[in-house]
Novice: 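Here it is, the structure in full.
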Protein chains: 2
Amino acid sequence: MMISLMRTKISLIAQKHFYTSVVAPQIADEVSKLLDLKAQLGEENAVQHKLILKTPKGTRDYNPEHMSLRLGVLEKIIAVFKRHGAETIDTPVFELKDVLTGKYGEDSKLIYDLKDQGGEILALRYDLTVPFARYLAMGKISSIKRYHIAKVYRRDNPATTKGRYREFYQCDFDIAGQYDPMLPDAECIRVVSEALESLDLGKFIIKLNHRSLLDAVFATCGVPQDKFRTICSSVDKLDKTPWEEVKKEMVEEKGLNEETADKIWNYVSKSGGVDLIADLRQDENLMKQKSAVFGLDSMELLLKYCTIYKVINKIVFDLSLARGLDYYTGVIYEAILIGDDVGVGSVAGGGRYDNLVGMFDSKKKTVPCVGVSLGVERIFSVLEAKMANDGVKIRTTEIQVFVASAQKNLHEERMRLLSDLWDAGIKAEQAYKKNAKLLAQLQHCEEYGIPLAIILGEGELARGEVTLREVTTRKEFPIPRDQLIDEIRKRLQN
Amino acid sequence: MMISLMRTKISLIAQKHFYTSVVAPQIADEVSKLLDLKAQLGEENAVQHKLILKTPKGTRDYNPEHMSLRLGVLEKIIAVFKRHGAETIDTPVFELKDVLTGKYGEDSKLIYDLKDQGGEILALRYDLTVPFARYLAMGKISSIKRYHIAKVYRRDNPATTKGRYREFYQCDFDIAGQYDPMLPDAECIRVVSEALESLDLGKFIIKLNHRSLLDAVFATCGVPQDKFRTICSSVDKLDKTPWEEVKKEMVEEKGLNEETADKIWNYVSKSGGVDLIADLRQDENLMKQKSAVFGLDSMELLLKYCTIYKVINKIVFDLSLARGLDYYTGVIYEAILIGDDVGVGSVAGGGRYDNLVGMFDSKKKTVPCVGVSLGVERIFSVLEAKMANDGVKIRTTEIQVFVASAQKNLHEERMRLLSDLWDAGIKAEQAYKKNAKLLAQLQHCEEYGIPLAIILGEGELARGEVTLREVTTRKEFPIPRDQLIDEIRKRLQN
């Protein structure tokens, strides 16, 4: 049977048209029946044997501690985005496969496809930028400033020990619209800077470069135009790989001659600030390229705006910054932590992509865009490590008052009190056991960092009182029942 | 070739073991090569033809207005969950297919499968309850009170015109743990009530019933035990379908005799409160069933707790409430809007499911659970319709101050001012054009509901002043530049 299938396959290659129109649907049908049969067998085995209890490869659950940290980080970042007037949007977790095709180069193989269950061919989103471009084109939206925080999916083989996963958050801020040069670009840099500062991650720098300038460098050094993007990918590796290795790749794998490679190194090893712009303007060979003039003018304006936005002291103009993705067309940037936590590296990156939206428009009408993506997963890892190191415990609930009882059969009294507390908007809970031990109830308060406990006892209730306990100090105060809500409010305000 | 495949298939049925161990991997391999070939052909065709610009069937984008409403609703619901001490967790968007198998009965056909790209067999989550049970079993967690708000996926054919989609939010609150009867159950009802009240959706009722009581009714009426679940499904339809039709289904499709069906109707047409419990206790036939005694005792306790929690006036004990899902084992409930918006129906539902976690444990060790799922998609629809009706415009940004200029070439002055505003934590923006028209800038403020605008002019700048404009009243005030931040803060507080 295998041989018969293979023969058919060989003949198919010579008869594509016949295949697609006549044979394919029949094969697909038979194949689907066979796969169903196989799946049934598989399922029977699985049910008979024991179920493996795990999350899919490269994914994980987030417990309340993880979520508390994550939501706290995202809240701070969203506050920055809102300070700059961003709206938010959402798009489906999957797209028509065609929407993603041809956008990610070699990485397309990492896209998760959905099974063809009869209907459209779908795939999980790989990033938030391509869906954003599709959204703009589809809605004929010519300008928007938006953020989008959502999970994306890559069938990669990441080292989950290093906190890299197949399902992970992206956190993007983008400005789309036909605007004056560098005004939105500079604000993106300011946004990155504000976000990283608000998270208290330690020192960082933001590297800047411009795709036009890289193109000018490649042209000046004699790289053939059709190799610009692949050589750009090689340059992109310089943050992790020594020049000797990158050069070897350029020469041996990508067919550059050694002299050209060395010339490239002569440029991309430079970094600085306004001084570097002045230096490069002296380079007559480089300045013969129109894109060099444009790139340097752009960088000069951007640095001026960065000075006004008070972020210039965090900026490094770095000619080796290349960024992997094909779609960038202008300024590119990357933020890097430079504190003790070496190895974390890039925590934000982005750039201008003026042509992506046009790829979705039938008349090629485009919308210029610039944006930044915060590497929140890395930021989560850094902060988790920091808190573990400092022995900080994260609260996972916001409960303000725990209602306990000191004797048996007071659960209805507890419930009456709870009902009043909730009515007053106070965050309160109890044990779901009628007769929980007092010690267990108080331990729960300490474990969850609950500031106040109310303890009900028969004697106190008879006197119209309850006991209010400060959990950290373990001090207790008798409070008249009818003054309790006011007393709690007063204490919570302090 | 087709014939050869079919022959092999027939022989396979007789030789399952040989198939799974020897033939299947080879077939799978060949099949996958063929499918790849087919996919390649498909892709080539797609690229040649034009790209269809749409979101996948049954999904949609959410624009800033949608998101603003949705996030506002979720924020209110989360506030209620937090008031009751819930933590939050997250699980991956896909699970091992085996985790979902055998949990949803007939609806399993609606599960989205991922393509087998070599590796695990995966499927998108269908709800949040099964992943929650998997999470508890996998982590050996014996108690937690958690909420989970996330999207789930069903390959249904919903009427998207009615706001039903294939990708939609679920919003679940569950209490897991071995606790005393009805304490967590009553709190879930209180949570639903608080959430619906906080959203100001109009009047609602919460229907209650108990699975044990339904079982007792079925047994009393003479339904064979193996038909309990399927007859339960029929009863579940009574909220939308007249009794005559449901009876027809019971008799003609499910093989009940007419007398039995009529006896069922005699019970399930009853609803009430504590009075109904007393009535049913008089029913000697029913009370012969142990599960009737247990169910009525449980309902009595629950109604007592609902009285203490001040939600009794919203409760209806309704014997026709059945709920579709198989996994419920105790109390079940459903909240229904009863205002003008007829046709919206159920906006929350849930119940106790004590055996689900045990399905994931190799030693069948279980964790009793009770929970509620808020139908947030319906709630979004109701509120969207309401706002459209009232002509209310939702703000999509939180910008407090817009920085405008009245003459040309003042963009750097604007940027300097913006930088100071952001430093002060004030939410501020400008036009990304150097020389935007003043009218356009002021129109933007009105359109986006921005309360304050600063207008820069050369004359004012020379005097060390700027103009502060109240957008709604269009009143303008000259303010010294160095008092501006204080002045803005003061005005924003009012």
Side-chain angles (χ1 to χ4, degrees), chain A residues 1-2 4-5 8 20 24 26 30-31 38 41 46 50-51 53 55-57 59 61-64 67 82-83 85 87-94 96 98 112-115 120 122 135 137-138 167 179-180 183-184 308-310 360 396-399 412 415-416 419 422 427 429 432-434, chain B residues 1-2 4-5 8 20 24 26 30-31 38 41 46 51 53 55-57 59 61-64 67 82-83 85 87-94 96 98 112-115 120 122 135 137-138 167 179-180 183-184 308-310 360 362 396-399 412 415-416 419 422 427 429 432-434:
Chain A
M1 181 196 138
M2 232 182 74
S4 118
L5 269 166
T8 315
T20 37
Q26 293 174 1
E30 287 306 307
V31 151
K38 199 186 145 215
L41 287 167
K50 70 170 181 187
L51 179 73
L53 216 51
T55 60
K57 184 180 174 189
T59 68
D61 291 324
Y62 298 99
N63 67 26
M67 287 306 286
K82 286 186 174 173
R83 196 182 301 143
E87 308 176 289
T88 190
I89 67 161
D90 199 10
T91 62
V93 81
F94 42 65
L96 297 185
D98 284 348
Y112 274 98
D113 293 330
L114 267 73
K115 189 172 162 184
E120 297 162 333
L122 307 174
Y135 172 86
M138 193 174 133
E167 175 186 58
Y179 296 127
D180 280 330
L183 282 172
I308 297 179
Y309 277 163
K310 305 180 206 167
F360 292 105
T396 56
T397 80
E398 296 179 9
I399 286 296
E412 292 186 14
M415 290 169 80
R416 251 170 232 119
S419 204
W422 293 329
K427 296 168 189 162
E429 66 176 359
Y432 293 116
K433 296 202 170 173
K434 282 157 73 174
Chain B
M1 181 200 133
M2 235 180 71
S4 115
L5 268 166
T8 316
T20 37
Q26 292 174 1
E30 285 308 306
V31 152
K38 198 183 147 217
L41 287 168
L51 179 72
L53 215 52
T55 60
K57 184 180 174 189
T59 69
D61 292 322
Y62 297 99
N63 68 26
M67 288 304 289
K82 286 185 174 173
R83 196 181 302 142
E87 309 176 289
T88 190
I89 66 161
D90 200 11
T91 62
V93 80
F94 42 66
L96 297 185
D98 283 348
Y112 274 99
D113 293 331
L114 268 73
K115 188 171 161 185
E120 298 162 333
L122 308 174
Y135 172 87
M138 191 174 134
E167 175 185 58
Y179 296 126
D180 280 329
L183 282 172
I308 297 179
Y309 278 163
K310 305 179 204 167
F360 292 105
S362 54
T396 57
T397 80
E398 296 179 9
I399 285 297
E412 291 185 15
M415 290 169 81
R416 249 170 235 120
S419 204
W422 292 329
K427 296 168 189 161
E429 66 177 358
Y432 293 116
K433 296 202 170 172
K434 281 157 72 172

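The figures here come from the full heavy-atom set of this structure, side chains too, leaving out hydrogens, waters and symmetry mates.
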Novice: Do you know the tightest heavy-atom contact between L53(B) and F360(A)?
Specialist: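 Heavy atoms of L53(B) and F360(A) come nearest at CD2-O, 3.3 Å.
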Novice: So how far is it from K433(A) NZ to D180(B) CG, rounded to the nearest 0.5 Å?
Specialist: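 So the gap between those two atoms works out to 7.0 Å.
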Novice: Atom NZ of K310(A) and atom CZ of R416(B): how far apart are they, to the nearest 0.5 Å?
Specialist: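 Atom-to-atom, K310(A):NZ and R416(B):CZ are 10.5 Å apart.
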Novice: If the condition is ring pair (Phe, Tyr, Trp, His ring centres under 6.0 Å), which residues does Y135(A) pass it with, not counting sequence neighbours?
Specialist: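 Y135(A) satisfies ring pair (Phe, Tyr, Trp, His ring centres under 6.0 Å) with no residue once adjacent residues are dropped.
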Novice: Nearest 0.5 Å, please: how far is CZ in R83(B) from CD1 in I399(A)?
Specialist: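 If I round to the nearest 0.5 Å, the distance is 10.5 Å.
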Novice: Between K427(A), M415(A), E398(A), who has the most heavy-atom pairs with chain B when the cutoff is under 4.5 Å?
Specialist: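 The option with the most such pairs is M415(A).
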Novice: Report which part of L122(A) has an atom under 4.5 Å of a heavy atom belonging to chain B: side chain, backbone, both, or neither.
Specialist: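 The side chain, not the backbone.
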Novice: Identify which of P56(A), P184(A), G85(A) forms the greatest number of heavy-atom pairs closer than 4.5 Å to chain B.
Specialist: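 Most heavy-atom pairs within the cutoff with chain B belong to P56(A).
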Novice: At a heavy-atom separation under 4.5 Å, does E120(B) approach chain A through its side chain, its backbone, both, or neither?
Specialist: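 Contact with chain A is through the side chain of E120(B) alone.
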Novice: Considering residues at least two apart in sequence or located in another chain, which fulfil the ring pair (Phe, Tyr, Trp, His ring centres under 6.0 Å) criterion with Y179(B)?
Specialist: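 Checked Y179(B) against ring pair (Phe, Tyr, Trp, His ring centres under 6.0 Å); matches are Y432(A).
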Novice: Whether the side chain of E167(B) engages the backbone of V93(A) through a donor-acceptor N/O pair (distance < 3.5 Å, no angle test) should be reported.
Specialist: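 Present.
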Novice: Does any part of the side chain of F94(A), heavy atoms only, come nearer than 4.5 Å to the side chain of T59(B), both counted from C-beta?
Specialist: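 Yes - at least one pair of side-chain heavy atoms lies under 4.5 Å apart.
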Novice: Output the distance between atom CG (N63(B)) and atom CD (E87(A)), rounded to the nearest 0.5 Å.
Specialist: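 One finds 8.5 Å between CG of N63(B) and CD of E87(A).
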Novice: I need the Y112(B) OH to L114(A) CG distance, nearest 0.5 Å.
Specialist: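 Separation between the atoms: 7.5 Å.
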Novice: For L183(B) and K434(A): C-alpha separation, side-chain torsions, deciding distance, then whether side-chain contact (heavy atoms from CB on, under 4.5 Å) applies.
Specialist: CA-CA 8 Å; L183(B) 282 172; K434(A) 282 157 73 174; 4.2 Å; yes
Novice: For chain A, which candidate among T91(B), T55(B), T88(B) shows the most heavy-atom pairs at distances under 4.5 Å?
Specialist: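 Highest number of pairs under 4.5 Å: T88(B).
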Novice: Could you check if a side-chain atom of M67(A) sits within less than 4.5 angstrom of a side-chain atom of D90(B), using non-hydrogen atoms only?
Specialist: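 The answer is yes; the side chains approach within 4.5 Å.
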